[in-house]
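All remarks here apply to the structure that follows.
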Amino acid sequence: MRTFDEVVQIVLDMQRLQGPVVSKMKDILDRYDADWVLPMPSHENEPDMPPLTPMLIGEAVDQMAMRAASVRPFVTCAAIDATKATGKGSQAMATKRRRILAATYHHSQWPLGRRRFFRQMSAYYTGSLVVLPDFKTCLPRIEVRDPLGTFVEPQANEQLRPPGYVAYITRHSGSHLRRSFPEVQMEMGGPIPKVEDAELWDVFEWIDEDQIMFGLLGPVRNIGTHVNQRVLTTPWKMLSQYENRLGMVPAVVPHNVSLGRIAGRIGSLLGNVDLQAKLTALDILAQEKAIFPDTYAIGRMNAQPSIIGGVWKDGREGDINMLMDVESVGVLRTTPDGRTTQLVDRLERNFRTSTGLVPQMGGETYGALRTGRGIDALAGMAVDPRIQEMHEIDEVYMPHLNKSIFETYKAFWPDRQYTLFSGWAGDVGEVEFVPRGTIETTENTVSYAVAGADVVQQTQILGSLLGTGAISRKTFRQKHPYIDDADHEADLVEAEQIEEALKNSILQQLQTGQLPLHVASMIHGYVVTGDSIFVAVEKAQRAMQEQQATQAPAPPPGMQAPPEAMPGLAASTPQEMAAQPYQAPEQQQISVPGDLTRMKELMRAGVPVRQ
């Protein structure tokens, strides 16, 4: 294990090595937040200039990141024995491990974390992710760290392995550190006083394969700077140290694929944006000078011109300036150069071309496009190579992060019984597991159906492949980013198709007269009370069978036949609809006891009887 002094020296070396890259990232962040000062000629009473140009840096970062984050990758966990459907090492266990990852994503708010991560990749061409145990919830948690405060093991750009060690520098208030680490209190011999003020302190977090260490760097002197260059005289102090149970670094710091060092296209265009803002501000000042030109006065021979009252009055106030010893007054009129605005437009076009911005994403279109279909076709271009590279970087590094999630479960809570809801679309159930028995292997893959395409484009591409017969419906469901469980979704689709077919069959029989109206009303009554169409049909079937199996009762007084024996709405002719005596089937004969009164009633109703 490295000692505290060795860790301090390594962090200092990484700060010096990554200083230029971090400085360039800071410049991009300042433009993204519009937190920078435009250098202009300094004159008294010069007006303050707000941001005058489009937020091109923010648009370039957000547009690429939002398109990349709109598609969720498909996570696959390996089955030890792919031929087994259930049991140990089966496909069912592999599916459960995938649902464990989904539940961890859900509890880490990973959908929002992915958007922040892709913004980092879009702006800085690097990102920072780490998996840490959350002892309050007893769950691993994915955290998106600030790349400006992330210092990673130096590697060549062609190396794609996870880092051997990483250090994070974050800021905390003095009161928080005094509560968390009593040894830093000044009355206990530490450097942090008890006075409550706005001073922040830099704290570094060191993670390698053997240990995790926290240390105090010192107070923050420059609030606007994320990372201060430290010297050996800074009061470094170790706060805590414990063993890394995972045996691996649960962090990834991916970067773009470049010819040399990490370099972002946006960082090289900062001068373009600054020049646009400066030219626009100068053009506005020139226009103001043209509207309110300077005035001069020519004095008389051997006399000094002067203003009566000593103060020149603005013409917009309506007052007259009284002059003494003045021969004539003139005005210096200037016309701003119209090429300035053309140059600003040219610079903006160069920026949009270099960053691949789509005008439609910002609500802008071209005059030649007049139909909505044409605009959609232009905005929904083919696969974007920049987004494709971001997706492929995600495919390479995310499996290591998923392994870190599995190892965190096994290292800290191996025998805990979990019941978690995954929170992903298509998965409406809960996953129950014990890490020691369920996490049999940590192998997994992360893949995009069509790397570089957003969610709309993926739907169109997969739909075209399905329509041409190139892929099956199952493959379509497996590759679509909005379908998490392809088999479960297929079951739902089949159930809906059967339900729709049953409804159409009932409607057809009702229209052709094969289904009595009162039976359809009975089915509808069951459905309204909350039963499914299948249960309603079964209940109506049982009710009709019971009615058909029940012997008709004696007619009430004043009636020639029992009402239950009449056809009702099932009558097909007006004669059947009219009142008429009931005619029993000719073959039916009922044997009754020797009750003459009952016999007479049956005979009046036309029922053949025998004694």
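Only heavy atoms go into these numbers, but all of them, side chains included; no hydrogens, no water, no symmetry mates.
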Open item on the list: Parallel, tilted or perpendicular: which one describes the rings of Tyr418 and Phe433, with boundaries at 30° and 60°?
Closed with: parallel

Task: Heavy-atom closest contact (Pro250 atom, Leu401 atom, distance) - done: O-CD1, 4.2 Å

Task: Expected output: side-chain His107 to main-chain Ala102 donor-acceptor under 3.5 Å - done: no

- [ ] Could you tell me whether a side-chain N or O of Arg97 sits under 3.5 Å from a main-chain N or O of Ala78, the two making a donor and an acceptor?
- [x] yes

Open item on the list: When you compare the side chain of Cys77 with that of Glu443, does any pair of heavy atoms fall below 4.5 Å?
Closed with: no

Task: Thr442 OG1 to Tyr409 OH distance, which is reported to the nearest 0.5 Å - done: 14.5 Å

Open item on the list: Less than 6.0 angstrom separating the ring centers of Phe412 and Phe135, yes or no?
Closed with: yes

TODO: Check the side chains of Trp413 and Asp415 for a donor-acceptor pair under 3.5 angstrom, ignoring hydrogens and angles.
DONE: no

Open item on the list: Under 3.5 Å, is there a donor on one side chain and an acceptor on the other for Tyr32 and Asp62?
Closed with: yes

- [ ] Mind checking the CD-CG spacing from Glu496 to Asp491? Nearest 0.5 Å is all I need.
- [x] 11.5 Å

Task: Residues Lys503, Glu499: salt bridge by 4.0 Å N-O rule - done: yes

TODO: Would you check if there is a donor-acceptor pair between the side chains of Ser447 and Thr445 at a distance under 3.5 Å?
DONE: no

- [ ] Evaluate side-chain contact (heavy atoms from CB on, under 4.5 Å) for Leu101 paired with Ile405, printing each intermediate quantity in order.
- [x] CA-CA 7 Å; Leu101 290 176; Ile405 293 175; 4.0 Å; yes

TODO: Spell out, as yes or no, whether a donor-acceptor pair under 3.5 Å connects the side chain of Ser90 to the backbone of Lys84.
DONE: no

Task: Closest heavy-atom pair and its distance - Ser532, Val527 - done: O-CG2, 4.5 Å

- [ ] Answer yes or no: is there a donor N or O on one side and an acceptor on the other, between the side chain of Thr475 and the main chain of Ile471, under 3.5 Å?
- [x] no

Task: NZ/NE/NH1/NH2 to OD/OE distance under 4.0 Å, Glu432 and Arg99 - done: no

- [ ] Supply the atom-to-atom distance Arg171 CZ to Leu200 CG, rounded to the nearest 0.5 angstrom.
- [x] 6.5 Å

Task: Exam field: side chain Glu209 to backbone Gly247, donor-acceptor pair closer than 3.5 Å - done: no

TODO: Check for a donor-acceptor pair, side chain of Ser23 on one end and backbone N or O of Gly19 on the other, with a separation under 3.5 Å.
DONE: no

Task: Chi angles and distances behind the side-chain contact (heavy atoms from CB on, under 4.5 Å) call for Ile212, Gln241 - done: CA-CA 6 Å; Ile212 297 177; Gln241 179 184 19; over 6 Å; no

Open item on the list: One pair to check against side-chain contact (heavy atoms from CB on, under 4.5 Å): Val166 and Phe151. What are the steps and the verdict?
Closed with: CA-CA 6 Å; Val166 62; Phe151 299 91; over 6 Å; no

Open item on the list: To the nearest 0.5 Å, what is the distance between CZ on Arg114 and OG on Ser108?
Closed with: 13.5 Å

Task: Atom pair OG (Ser472) and CG (Leu465), whose distance is rounded to the nearest 0.5 Å - done: 11.0 Å

Task: Student check: side-chain heavy atoms of Val249 and Pro162 closer than 4.5 Å - done: no

Task: Val431 versus Lys96, closest heavy-atom pair with distance - done: CG2-CG, 3.6 Å

Open item on the list: Side chains of Trp110 and Leu129, heavy atoms from C-beta outward: is any pair under 4.5 Å?
Closed with: yes

Open item on the list: Any non-hydrogen side-chain atom of Trp201 less than 4.5 Å from a side-chain atom of His172?
Closed with: no

Open item on the list: For a quick test of reading the model, state the closest non-hydrogen atom pair linking Phe534 to Ala495 and the distance between them.
Closed with: CZ-O, 4.4 Å

Open item on the list: Distance alone, cut at 3.5 Å: any donor-acceptor contact between the side chains of Gln9 and Asp13?
Closed with: yes

Open item on the list: Between the side chains of Glu440 and Lys410, is the shortest nitrogen-to-carboxylate-oxygen separation below 4.0 Å, so that they form an ion pair?
Closed with: no

Task: Side chain Glu407, main chain Met248, donor-acceptor under 3.5 Å - done: no

Task: Lys/Arg N to Asp/Glu carboxylate O, Asp27 vs Lys24, below 4.0 Å - done: no

- [ ] Report yes or no: do Asp5 and Thr3 form a side-chain donor-acceptor pair below 3.5 Å?
- [x] no

- [ ] Search all heavy atoms of Asp394 against all heavy atoms of Pro73 and return the closest pair with its distance.
- [x] OD2-CG, 4.1 Å

Task: Short side-chain to backbone donor-acceptor contact, His391 and Ala68, under 3.5 Å - done: yes

Open item on the list: Under a 3.5 Å threshold, yes or no: a donor from one side chain and an acceptor from the other, between Tyr105 and Asn402?
Closed with: yes

Open item on the list: Rounded to the nearest 0.5 Å, what separates atom CG in Leu177 from atom CD1 in Ile192?
Closed with: 4.5 Å

Open item on the list: Is there a side-chain contact between Glu395 and Tyr448 in this structure, where contact means two heavy atoms from C-beta onward sitting under 4.5 Å apart?
Closed with: yes

Task: Least distance between heavy atoms, Gln15 atom then Ile169 atom - done: NE2-CD1, 3.6 Å

Open item on the list: Does this structure show an ion pair linking Arg245 with Glu243, if we count only N-O contacts that are shorter than 4.0 Å?
Closed with: no

TODO: Could you tell me whether the side chain of Asp531 and the main chain of Ala536 form a donor-acceptor pair under 3.5 Å?
DONE: no

Task: Step-by-step side-chain contact (heavy atoms from CB on, under 4.5 Å) determination, Gln211 to Tyr242 - done: CA-CA 6 Å; Gln211 63 180 337; Tyr242 56 91; over 6 Å; no

Open item on the list: Could you check whether any side-chain heavy atom of Met14 comes within less than 4.5 Å of a side-chain heavy atom of Val152, counting everything from C-beta outward?
Closed with: no

- [ ] Report the C-alpha distance between Arg145 and Glu205 in whole Å, list the side-chain angles of each, state the deciding distance to 0.1 Å, and finish with yes or no for salt bridge (charged side-chain N to carboxylate O under 4.0 Å, His left out).
- [x] CA-CA 12 Å; Arg145 295 297 181 89; Glu205 179 182 355; 3.2 Å; yes

Open item on the list: Donor-acceptor check, side chain of Ser128 to backbone of Asp146, threshold 3.5 angstrom: yes or no?
Closed with: no

Open item on the list: Is there a side-chain contact between Arg2 and Asp210 in this structure, where contact means two heavy atoms from C-beta onward sitting under 4.5 Å apart?
Closed with: no

- [ ] State, yes or no, whether a side-chain contact exists between Ile100 and Leu420 at a heavy-atom distance under 4.5 Å.
- [x] no

